[in-house]
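Notes to accompany the following structure.
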Amino acid sequence: MIKYDRFKLGNGLTVIVHNDEATPLACVNILYDVGARDEDENRTGFAHLFEHLMFGGSINIPSYDEPLQRVGGENNAFTTNDITNYYLTLPAANLETAMWLESDRMLSLAFSEKSLEVQRNVVIEEFKQRYLNQPYGDVWLLIRPLTYKVHPYRWATIGKEISHIENATMEDVKAFFKKFYCPSNAIMVVSGPVKTDEVKQLAEKWFGTIPAGVKHNRALPVEPKQEEYRSETVYREVPYDGVYLNFHMCARDDAEYPAMDLISDILSRGNSARLYNALVKDQEIFSEINAFVMGDHDKGTFVVSGKVTEEFSTEHAEEAVFAELQKLCEEKVGERELQKVKNKVESSLQFAEMGILDKSMNLAFYELMGDANKINTELSEYLAVTAEDIQSVAKEVFRKTNCSVLHYKRKK
């Protein structure tokens with residue numbers, strides 16, 4: 001049971017405090033409720049660009065990293081299509097340094113032309129290296145718009161195209177910051193050997209006077225139900241053919257999510273999983289294969305992806321995957337197999353409760369979903385999943401008309 005206290009500042013900043021005396025380190029995690037799904041379709045990649053800009057100097061502090069490193073701290077951040085998350089760890093005695101640094105960049109960035117140019121170039125280089133000049137790098141740039149037609153999940157976190165970042169102006173950047181980077185749109189979690197009263201005092205001191213901003217009203221278009229099979233074939237300079245099957249599924253906080261997550265484990269978690277046994281080991285159609293849920297906040301996707309051996313076509317490989325998925329629809333999973341994947345989930349969730357960083361991230365994430373206490377109750381939702389639940393959601397999701405497939409072939 002993870003215990004925590006929760007309070008809100010007058011400007012809307014939600015603060016969660018988790019006391020953990022087992023470590024000398026404190027963790028400060030700030031989640032901003034903004035991701036790539038919140039971008040203008042003609043100005044994509046901004047959420048990710050901001051992840052970089054937030055380390056380029058704030059209004060009163062020219063360098064974020066130097067003061068933190070001087071007190072023995074470390075930091076990082078990540079952006080998804082749903083959220084942007086910043087985290088740091090440092091000796092608990094230096095907690096106020098963390099509050100000072102984080103509050104200054106929440107107040108305002110320096111917004112220098114030099115910082116924008118530096119970070120713009122970093123992001124453009126990342127786009128080229130990871131997505132355009134790397135084998136299989138453009139898979140998600142291709143499969144997202146194939147799968148989504150109206151929802152902004154149709155572009156990747158890096159953005160639709162490089163020109164959107166190349167053409168970003170200082171006015172664009174300032175407007176994005178003002179809209180999303182404010183106390184009313186943030187959740188701060190402080191973990192470690194800390195007391196709630198101490199954290200409340202520091203939060204009021206450093207964050208309390210920052211203007212609240214306006215909590216944005218997210219009104220995203222709902223992706224219509226897919227009723228036709230979609231496929232696309234591309235040819236690239238890659239060593240092996242690949243095939244990627246994308247199925248629409250429920251959102252992260254829907255009741256069916258634990259069953260879908262368990263299905264991904266049944267299919268591909270470990271060498272005893274179904275897809276590995278049938279398609280890698282026995283039939284040797286794939287050299288590697290994976291199944292996973294994207295875990296999106298809005299209705300997301302279930303993905304099966306793999307590299308195909310030279311003896312088989314991607315079309316044959318796709319049929320073989322569908323045959324395995326059909327078994328889940330037609331036959332109830334055995335109790336032993338179901339219990340085995342539940343045990344793995346239980347051990348994973350318990351392992352995630354050991355470190356203050358994981359706990360801090362999860363508390364922030366669950367609070368954003370509506371209830372931080374889900375960190376304590378989610379396991380019970382997984383353990384309650386039945387074989388009938390697995391079969392029911394499998395039938396709903398693994399329809400051919402609900403699938404978008406990318407055939408990624410090597411140039412001969």
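The residues of the chain are indexed from 1 along the displayed sequence.
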Do the non-hydrogen side-chain atoms of [X] and [Y] ever get within less than 4.5 Å of each other?
| X | Y | answer |
| --- | --- | --- |
| Arg274 | Lys327 | yes |
| Glu288 | Phe286 | no |
| Met249 | Val293 | yes |
| Leu245 | Cys403 | yes |
| Met99 | Gln201 | no |
| Lys359 | Asn362 | no |
| Val189 | Glu367 | no |
| Phe207 | Val15 | no |

Margin query: salt bridge (charged side-chain N to carboxylate O under 4.0 Å, His left out), that's the test. Do Lys340 and Glu337 meet it? Break it down for me.
Written below: CA-CA 5 Å; Lys340 186 177 176 183; Glu337 188 178 17; over 6 Å; no

Can a side-chain donor-acceptor contact be found between [Y] and [X] if the only test is distance below 3.5 angstrom?
| X | Y | result |
| --- | --- | --- |
| Ser392 | Asp389 | no |
| Glu378 | Tyr366 | yes |
| Asn121 | Glu125 | no |
| Glu126 | His48 | yes |
| Tyr64 | Glu102 | yes |
| Asn29 | Ser360 | no |

Next item on the list: Begin from the C-alpha positions of His248 and Tyr148 and carry the test ring pair (Phe, Tyr, Trp, His ring centres under 6.0 Å) through to its verdict.
Entry: CA-CA 9 Å; His248 289 281; Tyr148 293 98; 5.4 Å; yes

For [X], I'd like to know if atom [atom1] has over 12 heavy atoms of other residues, nucleotides or ligands within 6.0 Å.
| X | atom1 | result |
| --- | --- | --- |
| Arg43 | CZ | no |
| Met369 | CE | yes |
| Lys215 | NZ | yes |
| Lys332 | NZ | no |
| Glu310 | CD | no |
| Glu74 | CD | no |
| Lys128 | NZ | no |

Minimum heavy-atom separation for [X] and [Y], please, with both atom names.
| X | Y | result |
| --- | --- | --- |
| Pro258 | Val385 | CB-CG2, 4.0 Å |
| Val280 | Ser287 | CG1-O, 4.0 Å |
| Ala291 | Leu267 | CB-CB, 4.0 Å |
| Val173 | Leu116 | CG2-CD1, 3.9 Å |
| Thr314 | Val243 | O-CG2, 4.2 Å |

Check: Applying the ring pair (Phe, Tyr, Trp, His ring centres under 6.0 Å) test to Tyr408, which of Tyr136, Tyr235, Tyr240 qualifies?
Finding: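 Of Tyr136, Tyr235, Tyr240, ring pair (Phe, Tyr, Trp, His ring centres under 6.0 Å) with Tyr408 is met by Tyr136 alone.
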
Any Lys/Arg nitrogen of [X] or [Y] sitting under 4.0 Å from an Asp/Glu carboxylate oxygen of the other?
| X | Y | value |
| --- | --- | --- |
| Glu171 | Lys174 | no |
| Glu381 | Lys374 | yes |
| Arg252 | Asp82 | no |
| Asp296 | Arg37 | no |

Next item on the list: Using the ring of Phe177 (Phe, Tyr or Trp, six-membered ring only), decide whether Arg105 places NZ or CZ under 6.0 Å from its centre and within 45 degrees of its axis.
Entry: no

Is a side-chain N or O of [X] found less than 3.5 angstrom from the main chain of [Y], in a donor-acceptor match?
| X | Y | result |
| --- | --- | --- |
| Asp254 | Ala251 | yes |
| Glu39 | Ala47 | yes |
| Asn19 | Val194 | yes |
| Arg6 | Thr14 | no |
| Asn167 | Ser163 | yes |
| Asp172 | Thr169 | yes |
| Ser184 | Ala212 | yes |
| Asp138 | Leu132 | no |
| Asp241 | Val308 | no |
| Tyr131 | Trp140 | no |

Margin query: As a quick check of understanding, evaluate salt bridge (charged side-chain N to carboxylate O under 4.0 Å, His left out) for Arg230 and Glu228, giving each step before the final call.
Written below: CA-CA 6 Å; Arg230 300 171 190 156; Glu228 82 288 336; 2.5 Å; yes

In Å, rounded to the nearest 0.5 Å, how long is the span from [atom1] of [X] to [atom2] of [Y]?
| X | Y | atom1 | atom2 | answer |
| --- | --- | --- | --- | --- |
| Glu318 | Ile285 | CD | CD1 | 12.0 Å |
| Ser305 | Phe292 | OG | CZ | 4.5 Å |
| Asp38 | Asp33 | CG | CG | 6.5 Å |
| Leu363 | Leu368 | CG | CG | 12.5 Å |
| Ile266 | Lys344 | CD1 | NZ | 10.5 Å |
| Ile162 | Ile124 | CD1 | CD1 | 6.5 Å |

Notebook entry, point to check: How are the rings of Tyr86 and Tyr32 set to each other: parallel, tilted or perpendicular (split at 30° and 60°)?
Noted result: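 Answer is perpendicular, since the angle exceeds 60°.
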
Item checked: Listed partners of Phe180 passing ring-ring contact (aromatic ring centres under 6.0 Å, His included), at least two apart -> Phe176, His216

Note to self: Using the ring-ring contact (aromatic ring centres under 6.0 Å, His included) criterion, which residues pair with His18? Sequence neighbours excluded.
What the structure shows: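 Per chain and number, His18 pairs via ring-ring contact (aromatic ring centres under 6.0 Å, His included) with no residue.
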
Next item on the list: Tell me whether the centres of the aromatic rings in Tyr153 and His297 are closer together than 6.0 Å.
Entry: no

Item checked: Intermediate values then yes/no, side chain to side chain contact (heavy atoms under 4.5 Å, CB included), Leu141 and Ile158 -> CA-CA 9 Å; Leu141 302 181; Ile158 196 75; 4.2 Å; yes

Note to self: Quick check on side chain to side chain contact (heavy atoms under 4.5 Å, CB included): which of Thr44, Thr84, Thr79 does Thr157 satisfy it with?
What the structure shows: Thr79

